[in-house]
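What follows is a short report on a single structure.
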Amino acid sequence: MRFLAIRAIRRSSLALAALFAALSLGGPLSAAEPTHGLAMHGAPALPKDFDHFPYADPAAKKGGKLRVGLPGTFDSLNPFNVKSGTAAQGLVGNVFQGLMARSQDEPFTLYPLIAQSIEIDPARTHVTFHLDPRAHFSDGKPITSDDVLFSFDLLKSKGRPQQRIAYGLVKSIAAPDAHTVTYDLTGVGDRELPLILAIMPVLPKHATDVERFSDATLAKPIGSGPYVIADTQAGARMLLKRDPNYWGADVPSQKGFYNFDEIDLQYFRDGNSLFEAFKAGLIDYRDETSTTRWSSGYDFPAVRDGRMVKESLKNDNPKGLSGFVFNTRHPIFADARLREAFGMMFDFEWVNANYYAGLYTRTKSFFDESELSSSGRPASGKEKALLAPWPDAVRADILDGNWRPPVSDGSGRDREMAKRALDLLASAGYQLDGDRLMKDGEPVSFEIMVKDRDQERLALAYASSLSRIGVDVRVRLVDDVQYQRRRQKFDFDMMIGQYLASASPGNEQRMRWSSATANQESSFNLAGAASPAIDGMIAALLAARSHEDFVTAVRAYDRVLLSGFYVVPLFHASEQWIAHSTDIARPERLPHYGSPLFGPTLESWWRKNP
């Protein structure tokens with residue numbers, strides 16, 4: 001089944017990439033030549049002789065310990081296989097690194113790391129990486145092309161699903177010498193694939209147990225990054241220690257990063273315990289997600305006397321979308337008019353005021369608050385040309401950029417909104433019979449599956465609103481194991497889904513929305529969407545050569561998704577809320593994209609008094 005899905009994705013990409021080019025949305029081609037970087041669209045922003053990333057401080061102090069608190073637990077030090085348990089955070093980047101390093105200042109651009117240069121033809125049918133002869137693993141063994149080939153083959157067969165699918169598109173891989181690796185991508189038609197290969201982690205062939213690679217393990221791995229694992233306590237703690245012999249300390253893409261001598265990652269099963277540890281000064285940094293805590297929970301001594309500080313940070317990254325997802329595989333949700341009507345009944349204004357202190361913003365796009373969003377922007381001529389083969393795929397108000405999620409009066413009992421929803425349902429053949437919504441003599445009833453108390457509270461509020469138009473909704477809270485099993489098998493009517501967004505959406509969209517994954521078990525196509533227009537837009541955004549053409553394709557894609565009403569949009573925070581000890585500091589200049597803080601280990605930060 002997975003092989004057939006991959007073949008279908010490939011056929012779709014090739015056919016629709018040709019359509020994209022036929023619409024004159026492709027940019028000019030240039031002669032192939034060695035380069036120091038690789039951008040998804042256009043050329044890298046930094047010159048060949050750049051010294052460091054603009055948001056890094058190469059003069060940052062080195063030393064000291066960073067103490068990080070994380071929710072949950074872990075039972076494995078292998079982050080590369082979903083079957084190998086729950087992996088500890090902070091391994092990728094710190095312990096394992098790839099051929100090239102991503103700049104968070106550009107949508108998707110890579111610069112040298114293990115690979116010191118790259119050759120690629122304009123059509124991206126072949127890509128060659130030239131390895132830095134200085135590169136070595138933490139045990140001193142040099143990194144060679146054999147390690148790259150080994151990593152590719154291993155992750156292609158035993159890696160994460162998205163790795164297996166992407167690497168499965170490669171026609172062949174070869175190593176002409178110890179420091180050269182060439183991929184043949186002929187016929188793939190995927191311009192993002194060379195970048196995906198460039199960020200592939202390089203594993204040591206001499207120190208990787210292939211037979212047990214899929215098993216959960218607490219054996220300390222060998223990588224090529226700036227840190228090694230000094231100590232672990234299963235499920236509770238992982239201590240990273242700087243490798244004094246890290247080979248890449250002077251590589252420009254690494255300067256100014258990884259400034260702490262030690263990083264102590266402590267796990268807490270209970271969120272309140274984690275917050276209390278931060279209040280007590282046992283943790284240096286906190287990424288806050290609770291509106292209640294953010295609005296009223298930081299009046300404690302360490303904040304009042306200036307030992308800790310709160311900050312709200314912004315960037316240009318799309319905010320993504322979370323929402324109640326309709327499983328359109330079930331007949332009850334087959335009609336988009338019903339899905340739209342049900343969406344009208346989510347009372348964001350009441351929920352935001354009563355549950356979240358009014359701190360959230362209603363989400364109106366899959367790429368909200370970014371140039372990729374279609375909201376508020378009429379479709380351009382190029383967008384319309386791209387959408388022309390599917391004239392009914394986008395609603396007129398969405399094509400014009402005028403659609404927004406409906407706004408209630410905030411009372412929790414908006415009669416006008418209920419009337420609008422019932423009118424739309426009537427046009428689809430539904431009617432009220434007493435206090436029940438009916439069609440063809442059958443009452444409308446479904447279940448919302450949730451995984452925690454926060455989701456349950458939100459789902460109960462939504463169920464209460466839907467009951468006002470006669471819909472019988474049950475909310476079922478299930479344990480983690482059952483939740484994952486039912487999600488993977490699409491055994492649910494509705495659930496809350498999260499669609500994270502980056503400044504360079506690409507291959508991950510296939511797993512979320514393509515027709516080939518609609519019935520592929522364990523895919524992230526939660527809605528069961530199977531639309532030729534969606535497939536066309538995914539192929540178009542992957543085939544785009546210039547930034548302008550890419551933005552055009554993504555906005556058209558956004559419009560198609562919104563027109564399907566597959567999800568009832570929820571809300572997002574427009575800023576990232578953080579709190580931290582005043583003894584740690586960061587560069588004043590933040591990156592334009594990605595998280596302002598990169599990950600849980602604060603790569604660009606340092607301790608003021610190490």
Side-chain angles (χ1 to χ4, degrees), residues 60 62-66 68 74 76-81 84 87-102 111-116 129 131-155 159 178-179 181 198-210 212-213 215-234 237-265 598-604 606 610:
K62 303 285 186 180
K65 178 187 287 188
L66 173 68
V68 177
F74 70 94
S76 178
L77 298 179
N78 175 7
F80 304 119
N81 193 296
S84 61
Q89 297 185 50
L91 293 169
V92 177
N94 291 309
V95 177
F96 301 103
Q97 293 191 317
L99 292 171
M100 303 184 77
R102 185 169 186 170
Y111 291 94
L113 186 51
I114 294 173
Q116 62 183 358
F129 296 100
L131 309 188
D132 192 323
R134 300 172 297 172
H136 62 76
F137 294 104
S138 60
D139 63 357
K141 298 287 187 181
I143 299 176
T144 70
S145 53
D146 276 350
D147 296 298
V148 178
L149 267 63
F150 167 79
S151 301
F152 174 83
D153 290 336
L154 181 60
L155 295 172
H179 295 101
V181 177
I199 60 176
M200 180 190 74
V202 180
L203 309 178
K205 181 178 180 179
H206 67 278
T208 302
D209 187 342
V210 175
R212 305 189 65 179
F213 186 72
D215 299 341
T217 177
L218 291 174
K220 297 176 184 177
I222 291 174
S224 62
Y227 291 95
V228 296
I229 299 175
D231 188 31
T232 57
Q233 298 173 18
R237 179 174 181 259
M238 180 175 71
L239 180 66
L240 301 178
K241 189 172 183 177
R242 184 201 303 281
D243 180 1
N245 298 313
Y246 173 50
W247 76 272
D250 294 325
V251 173
S253 66
Q254 305 296 285
K255 285 185 180 179
F257 298 139
Y258 312 113
N259 299 311
F260 300 101
D261 280 345
E262 294 182 330
I263 301 175
D264 189 0
L265 295 104
F598 308 108
T601 56
L602 309 185
E603 285 88 338
S604 65
W606 62 89

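Numbers for residues simply follow the sequence, beginning at 1. Just so it is clear, the structure is predicted and the values come from calculations on it, not from any experiment.
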Q: Using the side chain to side chain donor-acceptor pair (under 3.5 Å) rule, take Asp139 and His206 through it: C-alpha gap first, then chi angles, then the decisive distance, then the call.
A: CA-CA 11 Å; Asp139 63 357; His206 67 278; 2.6 Å; yes
Q: Could you walk me through whether Phe129 and Gln116 pass the side-chain contact (heavy atoms from CB on, under 4.5 Å) test, one step at a time?
A: CA-CA 8 Å; Phe129 296 100; Gln116 62 183 358; over 6 Å; no
Q: Go through Tyr258 and Lys62 one step at a time and tell me if the side-chain contact (heavy atoms from CB on, under 4.5 Å) criterion holds.
A: CA-CA 8 Å; Tyr258 312 113; Lys62 303 285 186 180; 5.5 Å; no
**Q.** Derivation of the side-chain contact (heavy atoms from CB on, under 4.5 Å) call for Asp264 and Arg237
**A.** CA-CA 7 Å; Asp264 189 0; Arg237 179 174 181 259; 2.9 Å; yes
Q.
Go through it in stages, so that I can follow the logic: the residues are Leu99 and Leu113, the test is side-chain contact (heavy atoms from CB on, under 4.5 Å), and I'd like the CA-CA distance, side-chain angles, deciding distance and then a yes or no.
A. CA-CA 6 Å; Leu99 292 171; Leu113 186 51; over 6 Å; no
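The heavy-atom pair separating Gly63 from Pro610 by the smallest distance is C-CB, 3.5 Å. In terms of heavy-atom proximity, Leu77 sits nearest to Ala88 at CD2-CB, 4.0 Å. Taking both residues in full, the closest heavy atoms of Pro226 and Gly93 are given as CD-O, 3.4 Å, listed atom of the first, atom of the second, then distance. For Met100 against Ala115, the heavy-atom pair with the smallest separation is CG-CB, 4.3 Å. Of all heavy-atom pairs spanning Ala87 and Pro79, the tightest one is CB-CA, 3.6 Å. Across Ser145 and Val181, no two heavy atoms sit closer than the pair CB-CG2, 3.5 Å.
The distance between the ring centers of Phe96 and Phe80 falls below 6.0 angstrom.
Once rounded to the nearest 0.5 Å, the distance linking CZ of Phe74 with OG1 of Thr232 reads 6.0 Å. Taken to the nearest 0.5 Å, the CD1 atom of Ile114 stands 6.5 Å off from the CD atom of Gln97. Taken from CZ in Arg102 to OG in Ser253, the straight-line distance is 14.0 Å, to the nearest 0.5 Å. Ile263 contributes atom CD1, which lies 5.0 Å from atom CG of Asn94 (distance to the nearest 0.5 angstrom). Here the CZ-OG1 distance, from Phe213 to Thr208, works out to 7.0 Å after rounding to the nearest 0.5 Å. Ser151 OG to Leu203 CG: the interatomic distance, rounded to the nearest 0.5 Å, is 4.0 Å.
Around the CG atom of Asp250, the shell of radius 6.0 Å holds no more than 12 heavy atoms that belong to other residues, nucleotides or ligands. In this structure, Lys220 places its NZ atom where more than 12 heavy-atom neighbours from other residues, nucleotides or ligands lie under 6.0 Å away.
Taking a cutoff of 4.0 Å between a charged side-chain nitrogen and a carboxylate oxygen, Asp261 and Arg242 qualify as a salt bridge.
Looking at heavy atoms from C-beta onward, Arg212 lies out of side-chain contact with Thr217 at the 4.5 angstrom threshold. Using a 4.5 Å heavy-atom cutoff, the side chains of Pro221 and Ile229 are in contact. Using a 4.5 Å heavy-atom threshold, the side chains of Phe137 and Val202 count as touching. At a threshold of 4.5 Å between non-hydrogen side-chain atoms, the residues Asp243 and Asn245 count as touching. Looking at heavy atoms from C-beta onward, Val95 lies out of side-chain contact with Val228 at the 4.5 angstrom threshold. Between Val251 and Arg134, the closest side-chain pair of non-hydrogen atoms falls below 4.5 Å.
In the model, Glu262 has no side-chain atom that pairs as donor or acceptor with a side-chain atom of Tyr227 under 3.5 Å.
At distances below 3.5 Å, not a single donor-acceptor pair connects side-chain atoms of Thr601 with backbone N or O atoms of Glu603.
Residue Asp146 is tested with Thr144, Val148, Ile143 for a side-chain contact (heavy atoms from CB on, under 4.5 Å); the sole match is Thr144. Of the options Leu265, Leu602, Leu240, a side-chain contact (heavy atoms from CB on, under 4.5 Å) to Leu66 is made by Leu602 and by none of the others.
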